[in-house]
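Working notes, beginning with the structure itself.
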Amino acid sequence: MNSSYFLRMAALFLKRLTLQAVKSENSWIRCFGKHIVQKTARAQSTPIASAPRFSFLVHAKAFSTAEDTQNEGKSEKKSGTAFSNTGRKISERIIRVFDENGNDLGSMHRADVIKLMEKRELRLVQRNASAEPAEYQLMTGVQIHQERLRLREMGKANPKTGPTLTKELTFSSNIGQNDLDTKTKHIQQWIKKQHQVRITIKKGKNVDESENKGEDIFHQILQTMPGIATFSSRPQAVQGGKALMCVLRPLSKKEEKAYKETQEIQKRDTLNKDLENDKESNILHQQF
């Protein structure tokens, strides 16, 4: 009787102890979880400086594969001069190679070309990308420098001419002389920059104005630029006869040369006439 009573009491005590432990554990978890949530929210509301990125940690490839170069070519634009050292970045897998003396070495794998470059201490230059396979040449640094100088001189001898720009200027025939001088200076600057200038002169409301005043103004402007400009389009009526329009353009190299030769001939003729007049006057003085 007593032993069974004590066993029941022990079992009841253990049951209460277990329930108390579980209750305490749940309470601790809820408290700890609330603390974590509050700390996380506080951290999110507080701005934190991002960790620095080390931009110098860039992986470099010895040479690209065909797939890599195709992908890189889509995102990167080619820069630099058309004649430059390709180095180890050979986009094609098989290329045709010429040595530094111009001898054809035939088609080679790019890995073999790189080995040959390193062995002979040469640079690689692309010569014809449209050929099949693409053509490259092995060259020394001195050869590359000389070729660049040659191409630069060719560019100076045959400069590329861009599209001709046309400036427009409109004013009234009643314009004052000061305003006309200012506009003439603008025209001179444009002509010196190889621009064409379209000038439109509207007829003034002055009844006593000469009918040729617009043409006189055009010629007055042109006379301020001897040997520099000429008419590309001579004065003509526009806007139903209410205005005159002309186009001035810079002289071509050939026209400039012809103008200078004409001026030199006129100077010589004037000088010869002066000398003849001096001789005649001397003869007259001697006779009297």
Side-chain angles (χ1 to χ4, degrees), residues 81-82 151-288:
T81 59
L151 293 175
R152 190 179 303 170
E153 292 299 325
M154 288 178 60
K156 290 180 180 179
N158 301 308
K160 295 181 179 180
T161 56
T164 303
L165 297 178
T166 301
K167 300 290 186 177
E168 295 190 9
L169 198 62
T170 302
F171 52 88
S172 172
S173 59
N174 291 333
I175 186 171
Q177 187 60 45
N178 292 333
D179 292 338
L180 180 60
D181 293 340
T182 302
K183 293 186 183 299
T184 301
K185 289 180 181 179
H186 290 317
I187 295 171
Q188 292 172 351
Q189 293 173 356
W190 291 333
I191 291 293
K192 289 179 180 179
K193 292 180 180 179
Q194 300 299 306
H195 298 327
Q196 291 188 354
V197 185
R198 181 183 293 113
I199 308 171
T200 301
I201 300 178
K202 296 180 179 180
K203 291 186 177 180
K205 297 180 180 180
N206 190 353
V207 180
D208 299 332
E209 183 178 277
S210 171
E211 294 182 358
N212 299 327
K213 185 174 182 180
E215 291 189 14
D216 294 340
I217 294 176
F218 285 136
H219 288 286
Q220 181 181 343
I221 294 172
L222 187 59
Q223 288 173 1
T224 63
M225 297 176 286
I228 299 176
T230 186
F231 284 117
S232 175
S233 173
R234 291 195 165 272
Q236 56 184 337
V238 294
Q239 300 178 9
K242 295 181 180 180
L244 288 176
M245 186 271 293
C246 80
V247 178
L248 299 181
R249 64 169 177 83
L251 293 180
S252 64
K253 297 294 183 182
K254 186 177 181 180
E255 289 171 332
E256 287 182 1
K257 183 178 179 181
Y259 175 80
K260 291 179 181 178
E261 290 177 352
T262 302
Q263 291 297 108
E264 290 178 357
I265 292 173
Q266 290 179 354
K267 287 181 180 179
R268 286 197 297 268
D269 291 343
T270 302
L271 182 61
N272 291 334
K273 287 181 179 180
D274 292 340
L275 291 174
E276 290 178 0
N277 292 333
D278 290 339
K279 288 181 180 178
E280 290 178 358
S281 61
N282 290 333
I283 291 173
L284 292 175
H285 284 299
Q286 290 176 359
Q287 289 178 351
F288 295 98

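All heavy atoms count here, side chains included; hydrogens, waters and symmetry mates do not. Along the sequence shown, residues carry numbers from 1. Small disclaimer: the values here were computed from a predicted structure and weren't measured.
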**Item:** Which atom of Ser172 lies closest to which atom of Gly204, heavy atoms considered
**Value:** OG-CA, 4.0 Å

**Fill in**
Residues passing the salt bridge (Lys or Arg N to Asp or Glu O under 4.0 Å) test with Glu256, sequence neighbours excluded, are none

**Request:** Working to the nearest 0.5 Å, report the span between CD1 of Ile199 and CD1 of Ile217.
**Result:** 10.0 Å

**Complete:** In short, ring-ring contact (aromatic ring centres under 6.0 Å, His included) pairs touching residues 246-275 with sequence neighbours left out are none

All N/O donor-acceptor pairs, side-chain side in residues 190-197, below 3.5 Å, sequence neighbours left out:
none

**Test side-chain hydrogen bond (donor to acceptor under 3.5 Å, both in side chains) applied to Thr230 - qualifying residues, sequence neighbours left out** = none

**Prompt:** What salt bridge (charged side-chain N to carboxylate O under 4.0 Å, His left out) pairs are there with at least one residue in residues 165-178, not counting sequence neighbours?
**Reply:** Glu168-Arg198

**Item:** Side chain to side chain, Phe171 and Asp179, heavy atoms closer than 4.5 Å
**Value:** no

**Prompt:** Taking only residues two or more places apart in sequence, or in another chain, which ones meet Gln177 in a side-chain hydrogen bond (donor to acceptor under 3.5 Å, both in side chains)?
**Reply:** Asp181

**Item:** Test item: Lys203 side-chain N/O and Gly241 main-chain N/O as donor-acceptor pair under 3.5 Å
**Value:** yes

**Asked** Which residue pairs pass the side chain to side chain donor-acceptor pair (under 3.5 Å) test with at least one member in residues 215-226, sequence neighbours excluded?
**Response** Gln188-Thr224

**Message:** Please enumerate all residues that pass side-chain hydrogen bond (donor to acceptor under 3.5 Å, both in side chains) together with Thr270, with sequence neighbours excluded.
**Reply:** none

**Prompt:** What distance do Ile265 atom CD1 and Lys260 atom NZ have between them, rounded to the nearest 0.5 Å?
**Reply:** 14.5 Å

**Item:** Listed partners of Leu222 passing side chain to side chain contact (heavy atoms under 4.5 Å, CB included), at least two apart
**Value:** Ala229, Phe231, Leu248

**Request:** Apply side chain to side chain contact (heavy atoms under 4.5 Å, CB included) to Thr170 and list each qualifying residue two or more places apart in sequence or on a separate chain.
**Result:** Thr200, Lys202

**Fill in**
In this structure, OG1 of Thr182 is separated from NZ of Lys185 (nearest 0.5 Å) by 6.5 Å

**Item:** Pairs where residues 241-250 contributes a residue and the test salt bridge (charged side-chain N to carboxylate O under 4.0 Å, His left out) is met, not counting sequence neighbours
**Value:** Arg249-Glu255

**Prompt:** So do Met225 and Ile187 actually touch side chain to side chain, heavy atoms under 4.5 Å?
**Reply:** yes

**Prompt:** Among pairs that include at least one residue of residues 261-270, which meet salt bridge (charged side-chain N to carboxylate O under 4.0 Å, His left out), considering only residues two or more places apart or in two chains?
**Reply:** none

